[in-house]
Amino acid sequence: MPILPMPSVVVSSATQLWPHQVRYRQGAQTLAQELFDGLDDDLKPYVLLLGLPTDDTLPARCLEPEDCNLPAEAFSDAMARGRVIQHTTSWPYPERDDVTPETVRRKHQGLGIRAAVQETLDLLDEHSGQYQHFAGWPVEINGYFVVTVLRLQRKPLRAFPSLRPARYYTDGKPLAPSLVLAAMYRFSEEGVKALSEPEPGASFIVRPRESEELLRSAGKTFLDTPAQALGLDPATTKLFATCNTISSLRYEGAEGVGKMLLARRGHPNVEEIFALTCPTELTDYRAVRKLLEMTTPDVHLLSDGENVYALGRQVGHYDAVREDLFVINFVTHYAWELQHASHVLMRSHYGLPGLPRTRLSRPEFRRSLKRTFGLTDGAKIERLWDVVLEASRQKHGTLLVITTEALAEADRLKLQCTLIEPVPLTPLITRLVTSIDGAVLLDPEGYCYSIGVILDGRASGRGDGTRGARYNSALRYVESSAYPCLAVVVSEDGMVDVITPVQE
């Protein structure tokens, strides 16, 4: 392992390796921003390019951007170390008759180079403590192996639960232990495809991929991991699409709510209450949706990943190290979660996967109050926080609107709300007034003026067709308001959004 220099001197590229170098990096940065912001905007993705010469006498180079904040000299022996790794590592996939020795050699070479680069990045990250870098697959261009490196903020990255790594498909590709890693794999694959074309990087310019398309693909990829843990072939199991379809169906007008335990039959922590004589295939979506009607908070569908075979419950102490018992929680219409050992690993909403979020972020809420109202008084902030925290516990969702002109707005909207005598909201009063439909109107002092408010407002370009009426009406109202205004939307599936005006 090399002794790394301090990242004080950065070697930058004096010339470009290929014509689309700058624009490829810009396209990759845009794609990473859209993809990872869709998961968590605190990840703050940053893309940079490293160039490792095939000629060991030449120095490694930071290609893009010019100041990439990585010491290029730290990668000076990456090619040599990559060759050692290439020839001394037992790779986790079987030999295949349909793959030529040259293809195997090139694959081993790429694995070795990427592993060597990742070792150096990991050592550099130990010194910084703030970032975590991930090396993409090296692609040879004009005498250099170009490595696309993705940098993410370490703290939010490590805040989400993950399954254990070191699981592989039969062809040796790694399975994703988390949705973030699955998104990284998809991002890396897009970069490799773009750099492997006759005009490297041109496709990022002329036909960029939609980030939501990649995110859905990442969700499918991640669900391959529990599928394999259940003894299924991930290549033929479509758990992600299956759960999306089941969650989208209604039964006699009712939305599907309930849980399905995924475990092999006979699992020591699963008890059958009654079994089906003929197990129902998971792909028989309407039949599974009908069976879901029989579930209760403590009685669930039991499935082996291919069929629903019984109704039952989880019993005893489950050893999470096993990672062979998962829960699909159908939260509401077209919304479901993948859980393991009481941790939410992924949440899907209208077919779009996302990371689990805390019900509400105190720092985010404080920042929003300061940005919108200039509010810095600790006592007032805590009073509003207590109100919002109580509102976030409403099982059927609710909507709070905080505005400096709450009294005037209550009077303007008096025909579409219930006016009340101004009252400072306490947790008890909050619990009462948020139990009915409509918004609760209050001011930054915490005084409430009306409840059950039907909001108005102009259509917004920020609207989201995958979200419900509550979210979009709050968005329209906030963007149309002539006064400082903030909305807190609590959805039925547990998501909490703080909506503020677009900052100029």
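Along the sequence shown, residues are numbered consecutively beginning with 1.
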Inset, instruction - Indicate yes or no: at least one non-hydrogen side-chain atom of Leu389 is less than 4.5 angstrom from one of Arg393. - result: yes
Legend entry - Donor + acceptor pair across side chains of Glu409, Thr403 (<3.5 Å): no
Legend entry - Flag side-chain contact, heavy atom, 4.5 Å: Arg289 against Phe330: no
Legend entry - Donor + acceptor pair across side chains of Gln228, Asp224 (<3.5 Å): no
Inset, instruction - Check whether any side-chain heavy atom of Leu375 sits under 4.5 Å from a side-chain heavy atom of Leu384, and report yes or no. - result: yes
Inset, instruction - State the CZ-CG distance between Arg347 and Leu352, to the nearest 0.5 angstrom. - result: 13.0 Å
Inset, instruction - Could you tell me whether Glu189 and Lys193 have a side-chain N and a carboxylate O separated by less than 4.0 Å? - result: no
Legend entry - Pairs where residues 303-313 contributes a residue and the test side chain to side chain donor-acceptor pair (under 3.5 Å) is met, not counting sequence neighbours: Glu271-Arg313
Inset, instruction - Mind checking the CD-NZ spacing from Gln130 to Lys44? Nearest 0.5 Å is all I need. - result: 10.5 Å
Legend entry - Pairwise side-chain contact, Ile381 with Asp377, heavy-atom cut-off 4.5 Å (strictly under): no
Legend entry - Non-hydrogen side-chain atoms of Val423 and Ile429 separated by less than 4.5 Å: yes
Inset, instruction - Give a yes/no verdict on a cation-pi contact between Arg151 and Tyr131, requiring under 6.0 Å between NZ or CZ and the six-membered ring centre and an angle within 45° of the axis. - result: yes
Inset, instruction - Report the distance from atom CG of Leu441 to atom CG of Leu419, rounding to the nearest 0.5 Å. - result: 9.5 Å
Inset, instruction - Inspect the contact between Glu323 and Arg167 and indicate whether a charged nitrogen and a carboxylate oxygen are less than 4.0 angstrom apart. - result: yes
Legend entry - Test item: side-chain donor near acceptor, His340 and Tyr318, under 3.5 Å: yes
Legend entry - Member of Val288, Leu282, Thr283 meeting the side chain to side chain contact (heavy atoms under 4.5 Å, CB included) criterion with Tyr285: Thr283
Legend entry - Side-chain donor-acceptor contact under 3.5 Å, Tyr46 with Gln153: no
Legend entry - Ser491 OG to His349 NE2 distance, which is reported to the nearest 0.5 Å: 6.0 Å
Inset, instruction - For the residue pair Val488 and Phe365, establish whether any side-chain heavy-atom pair is separated by less than 4.5 Å. - result: yes
Inset, instruction - Quick one: do Tyr168 and Leu175 satisfy side-chain contact (heavy atoms from CB on, under 4.5 Å)? Show the steps, please. - result: CA-CA 5 Å; Tyr168 302 89; Leu175 284 158; 5.8 Å; no
Legend entry - Audit row: Arg25, Leu48, side-chain contact (heavy atoms from CB on, under 4.5 Å) steps and yes/no: CA-CA 7 Å; Arg25 188 263 165 188; Leu48 53 97; 5.5 Å; no
Inset, instruction - First locate atom CG of Leu413, then atom CD of Gln416, and finally report the distance between them rounded to the nearest 0.5 Å. - result: 5.0 Å
May I have the list of side-chain donor-acceptor pairs in residues 448-457 shorter than 3.5 Å, sequence neighbours left out?
| from | atom 1 | to | atom 2 | distance (Å) |
| --- | --- | --- | --- | --- |
| Tyr449 | OH | Asp443 | OD2 | 2.9 |
| Asp456 | OD1 | Arg412 | NH2 | 3.2 |
| Asp456 | OD2 | Arg412 | NH1 | 2.7 |
| Asp456 | OD2 | Arg412 | NH2 | 3.4 |

Inset, instruction - May I have all residue pairs that pass side chain to side chain donor-acceptor pair (under 3.5 Å) and include part of residues 230-241, sequence neighbours excluded? - result: none
Legend entry - Test applied, side chain to side chain contact (heavy atoms under 4.5 Å, CB included); reference residue, Lys259; option that passes from Val327, Val331, Asp298: Val327
Inset, instruction - Would you please say whether a donor-acceptor pair under 3.5 Å links the side chains of Thr148 and Tyr24? - result: yes
Legend entry - Arg366, CZ atom: more than 12 neighbouring heavy atoms under 6.0 Å: no
Inset, instruction - Start with the C-alpha gap between Arg362 and Glu382, add the side-chain angles, then the distance that decides, and say whether salt bridge (Lys or Arg N to Asp or Glu O under 4.0 Å) holds. - result: CA-CA 10 Å; Arg362 184 194 293 257; Glu382 287 304 308; 3.0 Å; yes
Inset, instruction - Hey, could you give me the OG/CD distance between Ser217 and Glu190, rounded to the nearest 0.5 Å? - result: 8.5 Å
Legend entry - Test: Arg371 and Glu364 ion pair at under 4.0 Å: no
Inset, instruction - Mind running salt bridge (Lys or Arg N to Asp or Glu O under 4.0 Å) on Asp319 and Arg322 for me, showing each step along the way? - result: CA-CA 6 Å; Asp319 182 4; Arg322 293 172 57 109; over 6 Å; no
Legend entry - Min side-chain heavy-atom separation Ser178-Phe160 under 4.5 Å: no
Legend entry - Ile499 side chain reached by Tyr471 side chain, heavy atoms, under 4.5 Å: yes
Inset, instruction - Please indicate whether Glu281 has more than 12 foreign heavy atoms, meaning atoms of other residues, nucleotides or ligands, lying under 6.0 Å from its CD. - result: no
